[in-house]
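Here the structure comes first, spelled out in structure tokens, and everything after it is commentary.
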Amino acid sequence: MTGARNLFMIGTAIAAIASPLAASAQAQTYQLDIPSQSLDSALRAFAQTTRQQIVFDMNVVRGRTSPALRGRYTVIDAISTLLANSGLEASPGNSGVYIVRRKVAGFSARNVAAQPSAADRSAGQTGQTRQTSPVSNAEPRAEIVVTARRKDELLTSVPASITAYSSEFLETQNIRSFADYATKLPNVTFQYGQGSDFSAAGFSGGRITTIRGVAGANTTAYYLNDTPIPASVSPQTLGLDRIEVLKGPQGTLFGASSMGGNLRFITRKPSLTNNSFTTEMQIGKTKSAGTDYGVNALGGLVLIPDVMALDVSLGYTRESGFLKRRFPDPSTAGAFITKDDEGRNETFAGSLALRTRLSDSLEVTLNAVGQSGKLNGYPAAYVPLPGYEPKSYILDRDRDIQEHSNDRWGLGSVVIDYDGGGYSIVSSTSYFSRRVDELEDTTEGTNRFLIDFFDLDLNNAAFPMHVVVKDKRFTHETRLSFDEGKLVPNLSGIFGVFHQEDDLTFIMDGLDVPELAAEGFDPSYLADFTFPQHENNTAVFGELYYEIVPKLILTAGLRQYWIKQKADAFPGTGFFSGPDGDFTPASSNSQSGLVPKFVASYEIGDAGNIYASVSKGFRVGGTQPAFTDDFCDPELAALGLTRGDIGSYQPDSLWSYELGAKSRVADGRVNVSGAIFQIDWSSMQQSVFLPECSTGFVTNAGKARIRGGELEVSGRPLADVPLTVQLGLGYTNGKLVDPGFLPQAPNSRLAQVPRFTGTVSAYYRTPVSENINLFAAADYSYTGSVKVANNEGGFLTRQPFNIVNANIGLGFDNSELLIYGKNLLDKRLNFGDIYANGFERTEMAAGGGVQRLPRGAVSRPRQIGLQYRLTF
């Protein structure tokens, strides 16, 4: 990176240990022989020898000369010697990374590196990263390190809007689930039921994330380390080093489906110098439900000092079901049977990382991450119209069908990291596999459909729907980064190649229905088919950073992509097929294009900048099975379409224009960032639902314009008070300029986009005795109401989210005991419709006629529990 905040990332061994462990690591000594030379070269040589990562500003170190360094030194002694008489100092930031800066009065690296007390360790936390609290009169600084541009940089130096949550923040706020962190992000929301492709069916695949109003399936890219993963995957937080949310199009570095932004889960890297172990045990109670409990453990073991280390994490969490299912008792007329524990969720998670340093310049890391989630019934309730909110957590059904969802996924990867001194190469190869197995009860909707359209009354026959979704992805990416001056003065950059092969298969099982057989239907099931799809995505990409004049940096990025898709031919049989079944022919689709990005940034304040950016984002098109009979033809004709028009859909794209500023204030203790943006979106991929034939498809139509802004503040505002706060505010105004096929008026509000989002959190820790600390944390999150199109030209209103969580506890030398509460206001929230695998249920409307009875994913009631954490 170039410019006044032009950062050199020295070393490829990214320490993945918390500040107390990093501090103790400094006791190790190294034999060094570094002659007197320019300070930047000396720091680079020191980092390559010790594998200690250092972040520094080229303009700060330029023109300075280091003394010779010969003999055995600890890391902190060596750095102090190199920086002697330079007017600079270094302090540990996130994950043991040392950050070089100009000296602050009363602040010394040696004081920071001293072993802190438990209270000191926590007092230095910002809302997003752990800081070791300095002793004496030192000031804690809000240093946050992110990898938004595929290398470690200070958050305030990156000219983009980014929210980052460290593992320490996840701990202090007791963040465990997707909803815990997704509701705390300004201008970010999520909902169910927005996908119309087969991968989005059911509960496990039906969740999408919206950033800055760019709503719809595949608009937010999810990454686990360097691998793109499905957007409905949520790794457990134990073992994560941080979560980063990049807002705005990220197509140049992260490719397709990042047109709204990118959410990245980054696992910790094993330490080559320190063993560590953390275990967590918790037990709690959900209101009107059973007992919740979990056990998690994370261990780091140095197998060969400075050469090989292993991290292993294992976890099990059980959340009791909070819904009840009620159905008629077949043995007693007028009686009902009630079963509780509906929505029970059991999650098994594990990870393994083996890091090996083959030489001073070369490292190899093997990673394996896996998770299995089992749902005993969906955590979903009916949200009757027009209120569109859950009135009861009791599900009245016509038959005893136990719904379930089993979601299992695993990711294995090999990462090769080479540091060539002024340039680096990172190569990542991975394989991802997922299987979702779901059984859904579609009894009521299917029987009503058969009566209304076929005059076939089967006396409320049971209609379970069993589907399986298999997703297998092979991904490879190689990146070359070079430092400023390696090729051309004032120029740095990154280039890479990317390739992914994705095989997605949707299976609908034909489950026999005895009542259909009794009526003489053969086969006696609704549908049976297997729909395989394949996609190859290849791209070359790069970004260049050039300091055109002091403090002014220009960024230019470009990605060229080639995407090929194929859907195999497949037969289908069942009640809705012809006597000889159906046959869907094979189809294919190819896409290619360029994605540009331009940024101008200028250094201001304390490691901050102001910037302006223009970038393009795109979303991959796709294939979908065309309808093989004429049942839906009238509804298609009303839209001006035929069956041949919907066999595939094309990419849609948008242009984003952003102005932003970020810096550190209050002597570096507080990070402040803000941005305003406009997004112009065209040829939108619209999910069109045909209510009469109860199915949907994706097509391209319509335009939208989105304007908004966000403000984030995090850190420790009062130097003498151990209170850390984080504030995030977002505003989005999205308009559907051209509705396309959506039943909305031009310039109406964009559906699924909240106007306002906001969050505030606080963490306070203070000693109550020599070895005991009292701590407390609380947070409040708000997501405004959203409009949801009702397929009749109008809107439904999804209620706002108001969520309050808190915890309080005691910290000892190496352990913590806390009482936590989640959803303390006991809100019943509708997270969005579940995309059904069959016919949707209906009910009589108040004014007569029939209306849909949607079912939505809902929030867990108030949860209170006790947690114990031990670290050594």
Side-chain angles (χ1 to χ4, degrees), residues 170 175-182 190-193 195 199-209 222 224 227 229-240 243 263 265 267 280 282 284 286 289-298 313-323 341-352 368-381 402-412 432-441 466-473 504 506-507 822 831-832 834-835 837 855-860 863:
L170 302 179
I175 294 175
R176 302 295 170 199
S177 67
F178 173 83
D180 284 346
Y181 56 78
F190 68 94
Q191 57 274 327
Y192 286 78
S199 64
F203 184 85
S204 296
R207 188 192 71 218
I208 67 162
T209 306
Y222 274 58
L224 182 53
T227 302
I229 58 175
S232 53
V233 167
S234 300
Q236 293 293 289
T237 56
L238 186 68
L240 291 181
I243 299 173
L263 196 153
F265 303 100
T267 60
E280 296 175 350
Q282 61 186 36
T286 296
T291 302
D292 312 314
Y293 53 87
V295 178
N296 299 279
L298 173 64
S313 71
L314 294 171
Y316 170 74
T317 303
R318 182 188 188 275
E319 293 184 308
S320 58
F322 56 90
L323 294 98
D341 207 24
E342 291 293 306
R344 182 182 74 241
N345 182 19
E346 295 181 90
T347 302
F348 299 84
S351 67
L352 181 149
V369 183
Q371 193 164 297
S372 173
K374 296 182 179 181
L375 289 172
N376 180 64
Y378 300 163
Q402 180 59 66
E403 296 179 315
H404 70 255
S405 175
N406 296 330
D407 183 3
R408 296 172 299 231
W409 61 265
L411 172 67
F432 173 85
S433 180
R434 186 188 193 191
R435 177 187 171 97
V436 178
D437 187 314
E438 294 193 340
L439 184 73
E440 184 177 348
D441 183 5
H466 180 231
V467 300
V468 175
V469 178
K470 300 178 182 179
D471 193 350
K472 298 180 179 180
R473 306 185 181 197
L504 179 68
F506 179 90
I507 301 170
K822 295 189 175 184
F831 291 147
I834 295 176
Y835 183 65
N837 286 316
R855 186 161 60 135
V858 293
S859 59
R860 175 171 291 274
Q863 187 181 37

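This is a predicted model, so every value here is computed, not measured. Just so it is clear, the values below take in all heavy atoms, side chains as well, and ignore hydrogens, waters and symmetry mates.
Between Arg318 and Asp292 there is no salt bridge, since no side-chain nitrogen of the basic residue lies less than 4.0 Å from a carboxylate oxygen of the acidic one. Remark: Glu319 does not engage Arg176 in a salt bridge, criterion side-chain N to carboxylate O under 4.0 Å.
Shown here for Pro230 and Arg473, the closest heavy-atom pair between the two residues is CG-NH2, 3.6 Å. Taking each heavy atom of Ala380 and Ile834 in turn, the nearest pair found is CB-CD1, 3.3 Å. Of all the heavy atoms in Leu298 and Ser313, the pair that sits closest is CD1-CB, 3.5 Å. Closest approach of Ser405 and Val436 over heavy atoms only: OG-CG1, 4.4 Å.
Asp407 is not listed as a side-chain neighbour of Asp437, based on a closest heavy-atom distance of 4.5 Å or more. Between Glu403 and Asp441 there is a side-chain heavy-atom pair separated by less than 4.5 Å. Using a 4.5 Å heavy-atom threshold, the side chains of His404 and Asn406 count as touching. Proximity of Pro379 to Asn345: side-chain heavy atoms (C-beta onward) are nowhere separated by under 4.5 Å. Contact annotation: the side chain of Val233 approaches that of Trp409 to within less than 4.5 Å [non-hydrogen atoms, C-beta and beyond]. You'll find the side chain of Ile208 stays beyond 4.5 Å of the side chain of Phe190, heavy atoms only. The side-chain heavy atoms of Tyr378 and Glu438, taken from C-beta on, include a pair separated by under 4.5 Å. Side-chain atoms of Arg434 and Arg408, non-hydrogen and from C-beta on, never get closer than 4.5 Å to each other.
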Verify salt bridge (Lys or Arg N to Asp or Glu O under 4.0 Å) between Asp180 and Lys822, making sure each step is shown before the conclusion.
-> CA-CA 9 Å; Asp180 284 346; Lys822 295 189 175 184; 2.8 Å; yes
Evaluate the criterion side-chain contact (heavy atoms from CB on, under 4.5 Å) for residue pair Arg860 and Thr286; output intermediate values, then yes/no.
-> CA-CA 8 Å; Arg860 175 171 291 274; Thr286 296; 3.1 Å; yes
Can you list the steps and then say if Val468 with Arg435 is a side-chain contact (heavy atoms from CB on, under 4.5 Å)?
-> CA-CA 7 Å; Val468 175; Arg435 177 187 171 97; 3.7 Å; yes
Checking side-chain contact (heavy atoms from CB on, under 4.5 Å) for the pair Val369/Leu224: CA distance, chi angles, key distance, verdict?
-> CA-CA 9 Å; Val369 183; Leu224 182 53; 4.2 Å; yes
For side-chain contact (heavy atoms from CB on, under 4.5 Å), just list the numbers for Leu411 and Thr227, CA-CA rounded to whole Å, side-chain angles, deciding distance to a tenth of an Å, and then say yes or no.
-> CA-CA 9 Å; Leu411 172 67; Thr227 302; 3.9 Å; yes
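Cation-pi geometry between Arg207 and Phe178 is met: the NZ or CZ atom falls under 6.0 Å from the ring centre, inside 45° of the normal.
Side chain of Glu346 to backbone of Ser372: no donor-acceptor contact under 3.5 angstrom is found. Using a distance-only test at 3.5 Å, with no hydrogens or angles considered, a donor-acceptor pair links the side chain of Asp341 to the main chain of Gly321. Ser320 places a side-chain N or O within donor-acceptor distance of the main-chain N or O of Gly290, the cut-off being under 3.5 Å.
Side chains of Ser232 and Tyr222: a donor-acceptor N/O pair is absent below 3.5 angstrom, by distance only. Thr347 and Thr317 are not linked by any side-chain donor-acceptor pair at a separation below 3.5 angstrom, with hydrogens and angles left out of the test.
Rounding to the nearest 0.5 Å gives a distance of 11.0 Å between CG of Leu240 and CD1 of Ile175. Interatomic distance, Ser234 OG to Gln371 CD, rounded to the nearest 0.5 Å: 7.5 Å.
Ring geometry for Tyr316 versus Tyr293: interplanar angle of 30 to 60°, hence tilted.
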